[in-house]
Amino acid sequence: MLGPVILAASRSDRMRRLISAAPVTKQVVDRFIPGETVADIVPIIKDLTAKGLELTMDVVGEDITTPEQATAARDAYLALIDHLKDLGLGERVEMSVKLSMFGQALEGGHELALANVRPVVEAAAAIGTTVTLDAEDHTTLDSMFAIHEELRKDFPQTGCVIQAYLFRTEADARRLAESGSRVRLVKGAYKEPAEVAYQQKHEIDKAYVRILRTLMEGEGYPMVGSHDPRLIAIAQELAHKAGRKLDEYEFQMLYGIRGDEHLRLAAEGHRMRVYTAYGTDWYGYFMRRLAEKPANLRFFLRSMVSKG
């Protein structure tokens with residue numbers, strides 16, 4: 001399986017330099033990350049929302065090494081919120097944040113991340129939208145869930161992400177499937193050891209369905225993060241069996257992947273949210289997109305061969 005190899009490469013400075021220097025890289029990266037600044041992204045936001053889609057925005061970047069970088073990440077999200085307010089699209093566009101960007105891994109990182117993310121959540125609420133806390137590797141999750149719980153005291157609409165490949169996630173889903181919660185379920189895109197995570201695709205898929213059933217039968221708002229046609233069909237079936245209306249759950253897919261499916265689901269009346277990332281620190285995000293799906297890697301390699 002190439003996925004674990006690619007995920008290991010996502011942490012390699014040597015591979016970062018090699019891939020960043022390849023002439024074709026920017027062309028391919030643009031498929032997944034359509035801009036570096038808020039100004040670059042505004043036309044994307046306008047276009048997708050005009051097509052009946054909703055968005056979740058991610059300012060890419062994870063390798064924060066100083067408190068000043070964490071503050072800059074906070075300010076980048078606040079600038080995004082100002083633009084959404086000016087566009088009048090606050091209710092159509094939410095934000096996804098990685099707490100590592102807000103200083104979670106630094107000394108005193110839990111408190112620092114909470115202090116940095118709270119103003120973003122407050123500003124988002126002021127324009128009628130919300131924030132979802134992304135899940136990262138398993139060592140960060142207890143901190144993430146604690147911050148999520150703390151933020152929900154004042155901003156109960158704050159969402160979080162759970163990852164099907166982790167053994168712990170079924171218990172997390174049962175705890176989170178409560179009234180008012182917003183939970184995005186994804187398969188998982190980090191290199192995790194066999195002691196904490198399923199390693200085989202069929203095991204991950206089975207866990208995904210079990211966890212999704214828990215969310216659909218619960219009292220919260222499930223967000224189905226998958227491009228897998230089979231899992232999308234299962235999600236629709238589980239929602240129907242649970243008696244959910246079309247506005248009581250949503251699908252989420254990445255920008256640049258299965259765009260026709262985004263439009264098809266929206267045309268059928270589903271809430272369809274496009275996860276759209278932007279920024280200059282794109283490497284880690286890009287490598288995980290390659291690892292998630294063999295077709296993404298094939299696309300990249302074909303481009304390198306044809307343009308190299």
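Just so it is clear, the model here is predicted, and its values are computed rather than measured.
Checking Tyr275 against Asp58 by side-chain atom types alone, a donor-acceptor pair falls below 3.5 Å. For the residue pair Thr132 and Ser96, no side-chain donor N or O sits within less than 3.5 Å of a side-chain acceptor on the partner. No donor-acceptor contact under 3.5 angstrom links the side chains of Ser226 and Asp228, judged on distance only. Side-chain atoms of Glu250 and Tyr221 include a donor-acceptor pair closer than 3.5 Å. Inspection of the Ser181 and Arg152 side chains reveals no N or O donor paired with an N or O acceptor under 3.5 Å. Counting only N and O atoms by type, the side chains of Thr169 and Asp172 include no donor and acceptor under 3.5 Å apart. Residues Gln163 and His138 have side chains that never bring a donor and an acceptor to within less than 3.5 angstrom of each other.
Of the charged side-chain nitrogens involved, none lies within less than 4.0 Å of a carboxylate oxygen, so that Lys206 and Glu203 do not count as a salt-bridged pair. Glu136 has no carboxylate O lying under 4.0 Å from a charged side-chain N of Lys98, or vice versa, which leaves the two without a salt bridge. Between Glu237 and Arg213 there is no salt bridge, since no side-chain N of the basic residue sits under 4.0 Å from a carboxylate O of the acidic one. Comment: Asp205 does not engage Arg210 in a salt bridge, judged by the lack of any side-chain N to carboxylate O separation of less than 4.0 angstrom. Residues Arg182 and Glu94 are paired through a salt bridge, judged by an N-O separation under 4.0 Å between the basic side chain and the carboxylate. Ionic pairing of Asp82 and Lys85 is not present here: no N-O contact between side-chain nitrogen and carboxylate oxygen is shorter than 4.0 angstrom.
Rounded to the nearest 0.5 angstrom, Tyr249 OH and Leu238 CG are separated by 10.0 Å. With values rounded to the nearest 0.5 angstrom, Thr276 atom OG1 is found 13.0 Å from Met253 atom CE. Remark: Phe102 CZ to Ile64 CD1 distance equals 9.0 Å, nearest 0.5 Å. Within the model, atoms CG of Leu185 and CG of Leu176 stand 11.0 Å from one another, a figure rounded to the nearest 0.5 Å. Taking CD of Glu150 as the reference point, atom NE2 of His110 lies at 7.5 Å (rounded to 0.5 Å). Here the straight-line distance linking atom CD1 of Ile204 with atom OH of Tyr165 works out to 8.0 Å at 0.5 Å rounding.
Ala164 approaches Ala207 most closely through the heavy-atom pair O-CB, 3.5 Å. Residues Leu246 and Glu268 approach most closely at CD1-O, 3.7 Å, considering heavy atoms. Shortest non-hydrogen contact noted between Thr158 and His148 is O-NE2, 3.0 Å. Between Leu106 and Thr66, the shortest heavy-atom distance links the atoms CD1-C, 3.5 Å. Contact detail for Ala125 and Gln157: the closest heavy-atom pair is CB-NE2, 3.7 Å. Listed here is the closest heavy atom pair of Leu53 and Ala266: CD2-CB, 3.8 Å.
Under the 3.5 Å distance criterion, the side-chain polar atoms of His83 are left unmatched by any main-chain donor or acceptor of Leu78. Judged purely by atom type and a 3.5 angstrom limit, His262 has no side-chain atom pairing as donor or acceptor with the backbone of Arg273. The backbone N or O of Glu36 lies less than 3.5 Å from a partner atom in the side chain of Asp40, making a donor-acceptor pair. Between the side chain of Asp154 and the main chain of Leu151, no donor-acceptor pair closer than 3.5 Å is present. Judged purely by atom type and a 3.5 angstrom limit, Gln69 uses its side chain to pair as donor or acceptor with the backbone of Thr65. A donor-acceptor pair is defined here as one N or O able to donate and one able to accept, closer than 3.5 Å; such a pair exists between the side chain of Glu248 and the backbone of Lys245.
At least one side-chain heavy atom of Val120 sits less than 4.5 Å from a side-chain heavy atom of Arg74. Looking at heavy atoms from C-beta onward, Leu84 lies in side-chain contact with Met95 at the 4.5 angstrom threshold. Proximity of Val97 to Asp134: side-chain heavy atoms (C-beta onward) are nowhere separated by under 4.5 Å. A heavy-atom distance below 4.5 Å is not found between the side chains of Val224 and Ile232. Side-chain atoms of Leu48 and Glu54, non-hydrogen and from C-beta on, never get closer than 4.5 Å to each other. Inter-residue side-chain proximity for Ile257 and Leu254 is flagged as met; some heavy-atom pair is nearer than 4.5 Å. By the 4.5 Å heavy-atom criterion applied to side chains, Leu89 and Ile45 are counted as neighbours. A 4.5 Å side-chain heavy-atom check between Leu99 and Val117 finds at least one atom pair inside the cut-off.
When the shell of 6.0 Å around CG of Asp47 is examined, it contains more than 12 heavy atoms from other residues, nucleotides or ligands. With a 6.0 Å radius and a threshold of 12 heavy atoms from other residues, nucleotides or ligands, Glu170 has its CD atom above the threshold.
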CA sep, side-chain torsions, deciding dist, call: Met144, Cys160, side chain to side chain contact (heavy atoms under 4.5 Å, CB included) | CA-CA 8 Å; Met144 185 274 281; Cys160 69; 4.0 Å; yes

Test log, rule side chain to side chain contact (heavy atoms under 4.5 Å, CB included), inputs Met216 and Arg244 = CA-CA 8 Å; Met216 288 294 186; Arg244 287 184 176 268; 3.5 Å; yes

Mind running side chain to side chain contact (heavy atoms under 4.5 Å, CB included) on Arg92 and Leu55 for me, showing each step along the way?
-> CA-CA 7 Å; Arg92 303 286 302 282; Leu55 288 83; over 6 Å; no

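Tested against Leu141, the residues Val161, Ile162, Leu166 include a single side-chain contact (heavy atoms from CB on, under 4.5 Å) partner, Leu166.
Between Tyr198 and Phe167, the distance from one ring center to the other falls under 6.0 angstrom.
Residues Val186 and Val131 are members of separate hydrophobic clusters, defined by side-chain heavy-atom contacts under 4.5 angstrom among Ile, Leu, Val, Met, Phe, Trp and Tyr. In the hydrophobic clustering of this structure, Leu265 does not group with Met223; members are Ile, Leu, Val, Met, Phe, Trp, Tyr whose side-chain heavy atoms approach within less than 4.5 Å, directly or through other members.
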